[in-house]
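Just below is one structure, and these are the notes that go with it.
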Number of protein chains: 2
Amino acid sequence: MKYTGGSVILFGCGTEVAVAQARVSTREVVLAAVGLFTEYGFERTTMDGIATATGVSRRSLFRRFGSKEDILFSEHDELFTTVARYLDASPDDPLTAVHSAARMVFQGYLRDPEITLPRYRLVRAHPRLRDREVAMTARYQSAFSHYLTERSGAGLSLASGVVAASVIAAHNHVLRSWLRDPGEEEEAVWARFDDAMAYVSTAARPLLEPGSGARPGRVLVALYPSDADNDEVLRRIGSALEPDAF
Amino acid sequence: MKYTGGSVILFGCGTEVAVAQARVSTREVVLAAVGLFTEYGFERTTMDGIATATGVSRRSLFRRFGSKEDILFSEHDELFTTVARYLDASPDDPLTAVHSAARMVFQGYLRDPEITLPRYRLVRAHPRLRDREVAMTARYQSAFSHYLTERSGAGLSLASGVVAASVIAAHNHVLRSWLRDPGEEEEAVWARFDDAMAYVSTAARPLLEPGSGARPGRVLVALYPSDADNDEVLRRIGSALEPDAF
DNA sequence: TCCTATCCTGGCACTGAATGCCATGATTCG
DNA sequence: CGAATCATGGCATTCAGTGCCAGGATAGGA
């Protein structure tokens with residue numbers, strides 16, 4: 001193990017005692033920083049303030065996190081590398097793999113409300129942080145798109161981009177609703193997430209089918225209630241196929 | 001008109017002559033800054049350097065543009081407000097309006113290669129600028145999504161988000177190919193743009209039809225060649241409707 | 001056990017972005 | 001012509017971010 005050494009002066013009983021001190025973990029720093037950002041605002045919190053609050057020197061904070069913003073999004077970065085590795089090694093069919101990857105991202109938010117919830121409030125208040133958050137999700141979208149293009153064939157890069165964008169949009173749709181109301185039952189949240197994913201992937205799968213081509217001659221999309229009669233559906237589709245209907 | 005006054009000292013024939021000087025336009029500043037960024041790199045170009053190069057004081061640069069990055073994206077901002085205003089006043093049906101709005105954005109790039117092309121190179125080289133570019137397109141996407149939700153009914157917010165994301169993805173797909181190869185015939189570029197838009201809007205329109213609901217019980221998407229027989233299409237759809245097929 | 005290479009840390013100094021304050025000059029309105 | 005308004009630019013200050021360097025801890029080898 002690294003960083004098990006070092007010593008800290010404890011004040012007690014009038015004596016100073018040297019005690020083994022573990023390196024301040026990334027998570028501890030992030031939690032402290034989030035607390036300061038929330039209490040005093042992002043701009044008004046200085047790196048010096050975070051340094052004194054965490055006991056880590058200002059210089060080391062910059063070395064470990066890169067920038068003040070990066071402290072807020074550090075584990076977002078970790079999650080991204082995890083997801084990217086997962087995709088790279090995934091044996092599933094492309095769309096299912098992307099679906100699972102989106103699930104991992106969503107899980108990353110739900111798992112850590114202590115950080116993601118205050119971060120959401122900060123992101124809403126500060127345009128710069130919002131841009132950063134957006135850029136993070138764009139990285140996922142780009143990774144999804146490249147993955148789909150790679151696995152589905154280069155001729156489908158437009159379709160891949162659209163599908164990736166749709167998956168991310170559906171993910172963000174459910175995510176935002178959770179961030180706004182985190183009190184909801186976790187089971188219900190996951191149900192809505194799966195609904196949204198099914199919604200996009202059902203519509204997306206044909207776009208990525210081999211042989212369909214990047215630009216099909218005709219596309220038909222039908223939406224109908226679950227209790228609709230199959231014959232009725234067929235009849236309506238038949239009328240939709242009339243030359244003047246399209 | 002504003003800023004037509006002022007005077008500048010010209011050195012000629014050993015005499016100093018006061019001459020009317022127009023305020024340095026935003027565009028001139030942007031062009032000069034882009035030139036410096038390209039020549040010396042974004043980080044190594046200082047605001048002082050831009051100030052001396054343009055004749056505008058450092059302080060005024062910050063006042064007029066907000067930040068160094070903002071100089072690069074200033075007219076992107078203007079374009080956004082134009083597009084947002086257009087959407088707000090658009091009498092067309094929602095999807096067509098969004099289609100036109102995307103066209104305006106694309107036009108904004110094509111119209112001004114002197115800025116957009118070097119900016120693209122800078123954006124590719126610097127992660128921070130890339131994030132900023134991504135955030136800009138996300139603003140369009142968000143505007144499209146809100147507009148569609150507003151016009152199509154609040155129950156369709158998921159569909160609106162997915163459609164907006166798809167439109168932006170298609171837009172970016174064509175845009176990137178142009179940025180990489182700006183030499184292509186403008187007509188051909190527009191043809192590919194319209195193809196991509198048709199590709200997404202054909203698939204998207206049914207999602208926004210009133211009465212379909214935000215989460216339909218069943219969704220069917222069919223892609224088939226233009227020369228397919230209608231009866232054959234119907235037969236296949238009929239078999240797809242069998243309980244075990246879905 | 002000792003020595004050494006390596007790595008992390010923190011202190012210091014420096015550059016440069018960004019902001020607040022204020023005086024000046026230009027434009028517009030009455 | 002006078003007053004109000006506004007953009008400008010100069011100045012000082014704060015603070016993010018970086019380079020440099022020395023000290024302490026750890027791991028590996030003799």
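Just so we're on the same page: letters track the sequence lines, and every chain starts at 1.
Aromatic ring orientation, A:Phe144 versus A:Tyr140: tilted (interplanar angle from 30° to 60°). Classified by interplanar angle (parallel below 30°, tilted 30° to 60°, perpendicular above 60°), the ring pair B:Phe106/B:His171 is perpendicular. Ring pair A:His126/A:Phe42 is tilted by interplanar angle, where 30° to 60° counts as tilted.
Side-chain atoms of B:Ser177 come within 3.5 Å of backbone N or O of B:Val174 as a donor-acceptor pair.
Side-chain atoms of B:Arg44 stay outside donor-acceptor range of the base of C:dG16, with no qualifying N/O pair under 3.5 Å.
A close approach under 4.0 Å does not occur between any side-chain nitrogen or oxygen of B:Arg58 and OP1 or OP2 of C:dG16.
Between the side chains of B:Ser145 and B:Ser142, not a single donor N or O lies within less than 3.5 Å of an accepting N or O. Using modelled atom types, one finds no donor on one side chain facing an acceptor on the other under 3.5 Å when comparing A:Ser74 with A:Asp77.
Side-chain proximity of A:Arg59 to D:dG9, D:dT18, C:dA18: nearest is D:dT18.
One interatomic measurement links the two molecules: CD of B:Glu43 to C1' of C:dC14, which rounds to 17 Å at whole-angstrom precision. Rounded to whole angstrom, the span from the CG atom of B:Asp48 across to the C1' atom of C:dC14 amounts to 15 Å. Counting to the nearest Å, the C1' atom of C:dT15 and the CE atom of B:Met47 are 15 Å from each other. Here D:dG9 presents its P atom at 9 Å from CZ of B:Arg23, a figure rounded to the nearest Å.
Within residues 60-73 of chain A, the residues approached by DNA chain C to less than 4.0 Å at the level of any non-hydrogen atom are A:Ser60, A:Arg63, A:Arg64, in residue-number order. Of the residues in residues 27-41 of chain A, not one places a heavy atom less than 4.0 Å from an atom of DNA chain D.
More than 12 heavy atoms of other shown residues, nucleotides or ligands fall within 6.0 angstrom of atom CD in A:Glu28.
Contact of the A:Phe37 side chain with the A:Ile50 side chain is registered, since non-hydrogen atoms from C-beta on lie closer than 4.5 Å.
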